[in-house]
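Here's the structure we're looking at; comments come further down.
Atoms considered below: every heavy atom in the structure, side chains included; atoms not considered: hydrogens, waters and symmetry mates.
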Amino acid sequence: MLKRKAKKQLSTTSDEKLMLFISIVSRGLSAPVLKIFQKCDVSGQFVLTGEGTARKEIRNILGIEDNEKDVVISFVRKDKVEELKSLLEVFFISSKRNAGISFSIELDSIIGVKVYQFLADTVREAK
């Protein structure tokens with residue numbers, strides 16, 4: 001009877017799950033949010049511009065003057081989420097101008113080892 005060799009696990013992968021982390025802030029506040037993500041070793045972020053959907057009357061009642069937004073989308077390792085949430089909470093409460101919302105969604109799977117390595121920032125450049 002033939003026995004097959006067990007496949008080697010790649011040492012550059014991690015069992016850590018990835019989270020899709022989305023932050024919505026007022027237009028122009030994406031730069032400080034990006035710095036927070038960089039402090040948490042998040043390898044890449046995508047910034048999109050958006051516009052709120054509330055009518056002017058509703059915004060006036062809520063005291064919201066501007067409905068132009070920046071949407072920051074990132075892929076974050078699950079072990080970094082709590083640190084990131086804490087830093088963003090400090091950012092949001094540090095000034096009334098820094099209003100925003102953040103939330104995360106756990107990803108079940110990523111297809112491809114190289115894609116996971118890139119998104120999880122597990123590949124380091126050789127020095």
Side-chain angles (χ1 to χ4, degrees):
M1 188 155 111
L2 295 173
K3 289 186 180 180
R4 292 184 182 205
K5 289 185 181 179
K7 289 186 178 180
K8 256 187 170 178
Q9 293 289 337
L10 294 176
S11 61
T12 55
T13 62
S14 170
D15 292 334
E16 194 63 46
K17 289 229 177 226
L18 286 179
M19 308 286 283
L20 180 64
F21 204 95
I22 300 172
S23 300
I24 303 170
V25 296
S26 296
R27 181 79 43 91
L29 288 180
S30 61
V33 171
L34 292 174
K35 287 181 184 177
I36 292 170
F37 279 97
Q38 289 170 350
K39 283 182 186 177
C40 292
D41 296 325
V42 177
S43 63
Q45 302 85 31
F46 307 96
V47 179
L48 308 169
T49 57
E51 188 174 318
T53 58
R55 293 188 321 247
K56 187 173 183 176
E57 297 82 22
I58 303 288
R59 290 195 321 264
N60 287 340
I61 291 170
L62 296 174
I64 301 170
E65 297 172 11
D66 189 14
N67 69 338
E68 293 182 333
K69 305 293 178 193
D70 283 343
V71 180
V72 181
I73 300 172
S74 303
F75 293 92
V76 179
R77 288 194 329 260
K78 193 172 184 178
D79 64 331
K80 297 286 187 176
V81 169
E82 288 304 317
E83 177 186 5
L84 186 56
K85 284 173 28 178
S86 296
L87 291 171
L88 284 170
E89 183 179 5
V90 169
F91 172 73
F92 288 143
I93 63 174
S94 67
S95 171
K96 189 174 181 178
R97 182 178 177 268
N98 294 350
I101 184 171
S102 291
F103 58 93
S104 61
I105 303 166
E106 187 171 331
L107 300 174
D108 288 333
S109 63
I110 300 290
I111 296 175
V113 173
K114 293 289 185 191
V115 173
Y116 174 82
Q117 289 172 339
F118 172 74
L119 295 175
D121 197 26
T122 59
V123 179
R124 303 284 183 209
E125 290 183 21
K127 293 183 179 183

For the CD atom of Glu89 and the OG atom of Ser94, what is their distance to the nearest 0.5 Å? 11.0 Å
Hey, quick one: are Val81 and Phe46 part of the same hydrophobic cluster, counting side-chain heavy atoms closer than 4.5 Å, chains of contacts allowed? no
Tell me if a side-chain donor or acceptor on Ser74 pairs with a main-chain N or O of Val76 at a distance below 3.5 Å. no
Do Leu48 and Ile22 land in one hydrophobic cluster if side-chain heavy atoms of ILVMFWY residues count as linked below 4.5 Å? yes
Show every donor-acceptor pair shorter than 3.5 Å between a side-chain atom in residues 27-35 and any protein atom, with sequence neighbours excluded, or say none if there are none.
from	atom 1	to	atom 2	distance (Å)
Arg27	NE	Lys69	O	3.3
Arg27	NE	Asp70	OD1	3.4
Arg27	NH2	Gly50	O	2.9
Arg27	NH2	Lys69	O	3.4
Ser30	OG	Asp70	OD2	3.2

Path from Ile24 to Met19 over hydrophobic side-chain contacts below 4.5 Å: no
Between Lys78 and Leu18, is there a side-chain heavy-atom distance shorter than 4.5 Å? no
Taking side chain as C-beta onward, heavy atoms only, is Ser23 less than 4.5 Å from Ile101? no
In one Ile/Leu/Val/Met/Phe/Trp/Tyr side-chain cluster, 4.5 Å: Val47, Phe91: yes
Separation between CZ (Arg55) and CG (Asn60), nearest 0.5 Å, reads 11.5 Å
Carefully, step by step, assess Ile36 and Leu88 under the rule side-chain contact (heavy atoms from CB on, under 4.5 Å). CA-CA 7 Å; Ile36 292 170; Leu88 284 170; 4.0 Å; yes
Could you give the distance from SG (Cys40) to CD (Glu83), rounded to the nearest 0.5 Å? 4.0 Å
Just so I know, are the side chains of Phe37 and Phe21 near enough to count as touching, which here means a heavy-atom distance under 4.5 Å? yes
Hphob cluster co-occupancy, Tyr116 + Leu20, side-chain heavy atoms under 4.5 angstrom: yes
Distance col, row Leu87:CG vs Lys80:NZ, nearest 0.5 angstrom, shows 10.5 Å
Rounded to the nearest 0.5 angstrom, the CG-NZ distance for Asp108 and Lys17 is 5.5 Å
